[in-house]
Q: 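Sharing a structure with you now.
Note that these values count all heavy atoms, side chains included, but never hydrogens, waters or copies made by symmetry.
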Amino acid sequence: MRAVALLRRARDHLGQRGPFLLFMGVGKVCFGAGMIAEPPVLDGLGLLTRFAPLHCWALVWIVAGVATFACAWLRFGRDRFGFLAASVPPSFWAFAYLWAAVIGDYARGLWIFLWYITSHCGVIWCASRVAPLTRRRKRPGAGRRPG
């Protein structure tokens with residue numbers, strides 16, 4: 001029973017947008033850790049690797065993931081930094097692929113840009129617009145039958 005009460009309290013504390021941030025944070029940490037464990041092929045990421053090696057960009061994903069996860073526990077309005085943190089790494093990736101497509105280094109870059117912008121950034125931005133559910137409180141005595 002205690003575990004159920006603890007889970008219910010965590011769910012209530014997370015609110016409407018918290019679970020999204022929670023899962024996004026974990027996903028970003030895993031993506032960054034995966035890049036460190038097994039670096040991906042660098043096709044299309046030349047713009048990013050001009051400024052820093054790939055393991056530094058992996059740390060950007062990890063830090064953004066930790067910030068996103070931490071913001072999941074904040075109240076509505078204060079969690080906005082979590083949505084910003086969640087959208088920064090995929091935005092960098094998207095524009096690096098777009099740049100690679102524009103300059104002709106990576107023909108597939110336009111499609112990967114569109115994928116990142118819609119399935120990552122777009123989803124994050126849409127979720128950031130979700131307002132919390134308002135619960136109507138019963139007035140004292142409401143629902144009683146007269147008599």
Q: Please name all residues satisfying side chain to side chain contact (heavy atoms under 4.5 Å, CB included) with Pro39, sequence neighbours left out, ordered by chain then number.
A: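 For Pro39 the side chain to side chain contact (heavy atoms under 4.5 Å, CB included) partners, ignoring immediate neighbours, are Leu54.
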Q: For the CG atom of Leu45 and the CG atom of Asp105, what is their distance to the nearest 0.5 Å?
A: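 Those atoms lie 11.5 Å apart.
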Q: Would you find a donor on one side and an acceptor on the other, under 3.5 Å apart, between the side chain of Asp43 and the backbone of Val41?
A: no
Q: Return the minimal non-hydrogen interatomic distance between Phe76 and Ala131, and the atom names on each side.
A: CE1-CA, 4.2 Å
Q: Taking the side chain as every heavy atom from C-beta outward, state whether Phe69 and Leu21 have any atom pair closer than 4.5 Å.
A: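 In short, these two side chains do not touch, never coming nearer than 4.5 Å.
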Q: Checking Trp57 side chain against Leu48 main chain: does a donor-acceptor pair fall under 3.5 Å?
A: yes
Q: Determine whether Tyr106 and Trp99 fall in the same hydrophobic cluster, where Ile, Leu, Val, Met, Phe, Trp and Tyr are linked whenever their side-chain heavy atoms lie under 4.5 Å apart.
A: yes
Q: Taking only residues two or more places apart in sequence, or in another chain, which ones meet Ala70 in a side chain to side chain contact (heavy atoms under 4.5 Å, CB included)?
A: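 Not a single residue meets the side chain to side chain contact (heavy atoms under 4.5 Å, CB included) criterion with Ala70.
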Q: In Å, rounded to the nearest 0.5 Å, how long is the span from CG of Asp79 to CZ of Phe20?
A: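 Answer for the CG-CZ pair, Asp79 versus Phe20, is 11.0 Å.
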Q: Is the CH2 atom of Trp111 crowded by more than 12 outside heavy atoms at less than 6.0 Å?
A: no
Q: Measure the shortest side-chain to side-chain distance between Ile36 and Ile62 over non-hydrogen atoms and say whether it is less than 4.5 angstrom.
A: yes
Q: Do you reckon Val63 sits in the same ILVMFWY cluster as Val88, going by side-chain contacts under 4.5 Å, direct or chained?
A: no
Q: Would you say the side-chain atoms of Arg50 pair up with the backbone N or O of Leu47, donor to acceptor, closer than 3.5 Å?
A: no
Q: More than 12 heavy atoms of other residues, nucleotides or ligands under 6.0 Å from CZ of Phe23: yes or no?
A: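 Atom CZ in Phe23 is not packed in, count stays at 12 or less.
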Q: Output, in order, the C-alpha distance, side-chain angles, deciding distance and verdict of side-chain contact (heavy atoms from CB on, under 4.5 Å) for Cys71 and Leu74.
A: CA-CA 5 Å; Cys71 288; Leu74 299 177; 4.0 Å; yes
Q: Hey, is the main chain of Ala86 close enough, under 3.5 Å, to the side chain of Lys28 for a donor-acceptor pair?
A: yes
Q: Would you say Tyr97 ends up clustered with Phe31 if hydrophobic residues are merged whenever their side chains have heavy atoms under 4.5 Å apart, either directly or through other cluster members?
A: yes
Q: Should Ile117 and Leu114 be regarded as members of a common hydrophobic cluster, given that ILVMFWY residues are connected when their side-chain heavy atoms come within less than 4.5 Å of each other, either directly or indirectly?
A: yes
Q: Take atom CZ in Phe83; do more than 12 heavy atoms of anything else shown fall under 6.0 Å from it?
A: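 Counting neighbours around CZ of Phe83, more than 12 heavy atoms of other residues, nucleotides or ligands fall under 6.0 Å, so yes.
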Q: Please report the shortest heavy-atom distance between Ala94 and Phe113, naming the atom on each side.
A: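 Closest approach of Ala94 to Phe113, heavy atoms only: O-CD1, 3.2 Å.
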Q: Kindly state whether the ring of Trp93 and the ring of Trp61 have centres lying under 6.0 angstrom apart.
A: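 Aromatic pair counts; centres sit under 6.0 Å.
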Q: Which heavy atom in Val130 sits nearest to a heavy atom in Arg17, and how many Å separate them?
A: O-CD, 2.8 Å
Q: For the residue pair Pro40 and Met35, what are the closest heavy atoms and their distance?
A: CD-CG, 3.9 Å
Q: How far apart are the closest heavy atoms of Pro90 and Ile124, and which atoms are they?
A: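 Closest approach of Pro90 to Ile124, heavy atoms only: CG-CD1, 4.4 Å.
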Q: Give me the atom names and distance for the closest heavy-atom approach of Leu110 to Ala101.
A: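 For Leu110 and Ala101, the tightest heavy-atom pair comes out as N-CB, 3.4 Å.
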Q: With rounding to the nearest 0.5 Å, note down the distance linking OG in Ser87 to NE2 in His120.
A: 12.5 Å
